[in-house]
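For reference, the structure discussed in these notes is given below.
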Amino acid sequence: MTNVTLLSCEEADPEDTESTAKIVVPSQELILSARDDAAEYDEGDSVTDFKDDPEVVIFRKANKISFVVKVTPMKAVGDVKIAFKMKYNYKNITTPLGSKEEKETPILLLEHHVDVNLGQVIPS
């Protein structure tokens with residue numbers, strides 16, 4: 001399982017240079033299933049016990065998830081660009097060849113800056 005937290009960028013974030021919209025990210029932690037290569041080709045629905053809020057999570061299959069982010073453009077024309085931070089836990093489950101020792105693999109907390117161009121503002 002991977003726990004993912006989305007965070008809005010701060011006003012003075014040096015990495016957030018191109019945002020043209022304000023966003024509201026989900027306040028709850030999102031949980032992803034462990035990666036399973038065979039599940040990619042499974043046609044059936046995988047039954048899980050995730051207690052997803054239907055207002056936040058709209059799709060889930062294998063280790064993929066679709067979720068809602070509320071976006072408010074700050075310009076009436078042009079591209080809508082958003083930025084946020086994504087924090088998640090990572091555990092390297094591969095072992096080196098020839099390794100006979102079973103060591104406890106540390107879980108790392110990683111954070112990435114994510115930029116997304118959502119396309120043009122559609123006039124109403």
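In what follows, residues are counted from 1 in the order of the sequence shown.
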Tell me, please, which residues at least two apart from Glu29 pass side-chain contact (heavy atoms from CB on, under 4.5 Å).
->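 side-chain contact (heavy atoms from CB on, under 4.5 Å) check on Glu29 returns Asn3, Thr5.
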Taking the side chain as every heavy atom from C-beta outward, state whether [X] and [Y] have any pair of such atoms under 4.5 Å apart.
X: Thr2; Y: Asn89; value: yes
X: Ile107; Y: Tyr90; value: no
X: Met86; Y: Val4; value: yes

Residue list, salt bridge (Lys or Arg N to Asp or Glu O under 4.0 Å) with Asp52, at least two apart or on another chain =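 In terms of salt bridge (Lys or Arg N to Asp or Glu O under 4.0 Å), with neighbours along the sequence ignored, Asp52 is linked to Arg60.
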Those residues that, when tested against Lys81, pass salt bridge (Lys or Arg N to Asp or Glu O under 4.0 Å) (two or more places apart) |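 Partners of Lys81 under the salt bridge (Lys or Arg N to Asp or Glu O under 4.0 Å) test: Glu18.
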Please determine which of Val25, Val56, Ile58 meets the side-chain contact (heavy atoms from CB on, under 4.5 Å) test together with Val68.
->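 Exactly one candidate clears the test, Ile58.
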Can you name the residues that form a ring-ring contact (aromatic ring centres under 6.0 Å, His included) with Phe67, not counting sequence neighbours?
->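 Phe67 satisfies ring-ring contact (aromatic ring centres under 6.0 Å, His included) with no residue once adjacent residues are dropped.
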Excluding sequence neighbours, so at least two apart, what forms side chain to side chain donor-acceptor pair (under 3.5 Å) with Thr20?
->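 Not a single residue meets the side chain to side chain donor-acceptor pair (under 3.5 Å) criterion with Thr20.
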Can you check whether Glu15's main-chain N or O pairs, donor with acceptor, with His113's side chain at less than 3.5 Å?
->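 Indeed, once roles are kept as given, a pair shorter than 3.5 Å links the two residues.
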Pairwise salt bridge (Lys or Arg N to Asp or Glu O under 4.0 Å) hits with a residue in residues 105-124, at least two apart =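 For residues 105-124: Lys87-Glu111.
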CD1 (Ile122) with more than 12 external heavy atoms under 6.0 Å |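 For Ile122, atom CD1 is not crowded (no more than 12 foreign heavy atoms under 6.0 Å).
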